[in-house]
Amino acid sequence: MLRDETAPLNKYFALPKVELHRHLEGSLRLTTMVDIANQHGVTVPDSMFNLSGLVQVQDQDPMTFTNFLDKFKTLRLFYKSPDVIHRVTREAVEDAAKDNIRYLELRFTPVALSRAEGFPLHDVMDWVITSAQEAAKKLKIKVGLIASVNRHESADLAEQVAWLAAEHMKDGLVGIDLAGNEAEFKSDPFHGILKEAKQAGLHLTIHAGEWGPADNVRDALENLGAERIGHGVRVMEDESIVALAKESGVAFEVCVTSNYQSGVVKSLPEHPLPRMIAAGLNVTVNTDDPSVSRITLSHEYQHVCEDLKVPFDTLKQSVIKAAQASFLNEAEKAKFVESLKQELNL
Ligand code: ADE
Ligand code: ZN
C-alpha cells in the first residue's frame with residue numbers, strides 16, 4: 001500500500017456521502033457468509049482467511065478482471081434462501097449507513113441471486129425491495145435500487161428483469177444497469193431491451209470504458225442513451241469521446257480501488273481520476289464492491305485526496321455532483337442537494 005494505512009479516516013468518515021455505484025453481490029460481510037455456510041451446509045474453507053481468498057481480492061492476487069469476476073462465481077453459492085437474501089440486503093444498507101452514506105443507490109443482479117436455488121426472478125426482486133425499504137426507513141438513509149443485468153448472460157433473462165423492474169418503479173426501483181464482462185461481450189443484444197426500459201421510465205446506467213475501450217462510452221451515450229457511466233475511465237484514451245462526454249454532462253461513477261484490483265490501471269497513483277476532473281468531466285467517487293475490494297466509501301474518499309492528490313474541496317463538490325446525478329425524483333433531489341450543500345458549507 002502506498003499510503004500510511006493508519007492515517008485518520010475521520011475526516012472522510014465525517015463527510016455526508018453519496019454512493020451511486022455499489023453492487024449488492026459485492027457487499028456480503030464475511031461473517032455473514034460463514035453463518036450462511038453453517039446454516040445451509042455450503043462447503044467453505046475452514047478459516048476466514050481461506051474464505052476471504054475465494055471471495056475478496058488479496059494483495060497477492062493477479063490484478064485482472066477475470067480474477068475479480070471469479071469472486072462473484074463463489075459468491076453466487078451463498079444465496080440459499082429468502083432469509084439470506086433479506087439479510088444480505090439489510091446488511092448492505094446497514095453498512096452504508098454506518099459509513100455515513102446519506103443516499104445509497106444499491107444495484108443488484110436478480111439473475112445472480114436466483115440462480116443457486118432457482119428462485120423466481122419476481123420473488124428475488126420482491127425480497128430485495130422489501131428489505132431495502134425496511135432498512136432504509138429504520139436507519140434514516142435514502143436508498144434507490146437498480147436492477148443489473150450482465151453482458152455475459154442471456155438477453156432473454158435481461159428482458160424479464162427489465163419488465164419486472166419497470167413494474168416495481170413505484171417501490172423504489174429507480175434504474176437499470178448493464179454490468180458484467182465488458183472485455184469480451186458487446187452491448188448490442190441489450191440495446192432494444194434497455195431502450196424500452198428507459199422508455200418505461202427507468203433510469204439507465206451502463207458499465208462502459210472499464211474493461212472495454214473508450215468507444216464503449218460513446219456506444220453507451222449514443223446508442224443506449226445512458227444517463228450515467230459505470231467507471232468509464234478509459235474514456236481518457238480518446239479525446240473526441242472525452243469531448244462528447246463533457247458536452248453531454250454525463251456523470252461517471254468512478255471506483256478507484258476496483259479499477260486497480262481488476263487491472264484497469266497498473267497502480268493507484270496512475271488512476272486517471274484527476275485527469276478526468278481536469279478535463280471537465282462530471283466525476284463521482286464510488287466503491288463498486290466494498291466487500292470484494294475490502295474497502296468503504298470513506299476509504300475511497302481518502303484514496304482520492306491523499307493518493308491522487310485531489311483537493312478536499314473538489315471531493316466535497318463531487319458529493320454534490322453525485323447527488324445531482326442521482327436517480328431521485330426531481331423534487332427529492334432538489335431538497336437533498338440543498339441539505340448537502342448546507343452541511344458541506346458549499
Ligand atoms: N459486477 C460487479 N462488479 C463489476 C464491475 N466492476 N464491472 C462489471 N461488472 C461488475
Ligand atoms: Zn460495477
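In listed order, ligands and their atoms are each counted from 1.
- Restricting His23 to its N/O/S atoms, the shortest distance to the Zn ion (ligand 2) is reached by NE2.
- Put simply, part of Gly180 is less than 4.0 Å from ligand 1, judged by heavy atoms.
- Taking CH2 of Trp211 as the start and NE2 of His231 as the end, the distance is 6.5 Å to the nearest 0.5 Å.
- Residues Ile146 and Val149 do not share a hydrophobic cluster, clusters being chains of Ile/Leu/Val/Met/Phe/Trp/Tyr side chains in contact below 4.5 Å.
- Looking at heavy atoms from C-beta onward, Asp238 lies out of side-chain contact with Asp215 at the 4.5 angstrom threshold.
- Close contacts between ligand 1 and Trp211 involve ligand atoms 5 (C), 6 (N), 7 (N), 8 (C) [criterion: under 4.0 Å to a heavy atom].
- The shortest N or O to N or O distance between Asp288 and ligand 1 is below 3.5 Å.
- Proximity to Phe72 (heavy-atom distance under 4.0 Å) selects the following atoms of ligand 1: 2 (C), 3 (N).
- To the nearest 10 degrees, the angle centred on the Zn ion (ligand 2) between OD1 in Asp288 and NE2 in His21 reads 80°.
- Ring-plane geometry between His207 and His23 is classed as tilted, the angle between the planes lying from 30 to 60 degrees on a 0 to 90 degree scale.
- Scanning all protein heavy atoms for the shortest distance to atom 4 (C) of ligand 1 gives His23 NE2, 3.8 Å.
- Counting only heavy atoms of the protein, atom 7 (N) of ligand 1 lies nearest to Glu210 OE1, 2.8 Å.
- For the salt bridge (Lys or Arg N to Asp or Glu O under 4.0 Å) with Asp95, the lone residue among Arg90, Arg29, Arg22 that qualifies is Arg29.
- The closest approach between His231 and ligand 1 falls below 4.0 Å for a heavy atom of the residue.
- Leu164 and Met125 make their closest contact through CB-SD, 3.6 Å (heavy atoms, listed as atom of the first residue, atom of the second, distance).
- Within His207, the N/O/S atom positioned nearest the Zn ion (ligand 2) carries the name NE2.
- The shortest N or O to N or O distance between Asp289 and ligand 1 is under 3.5 Å.
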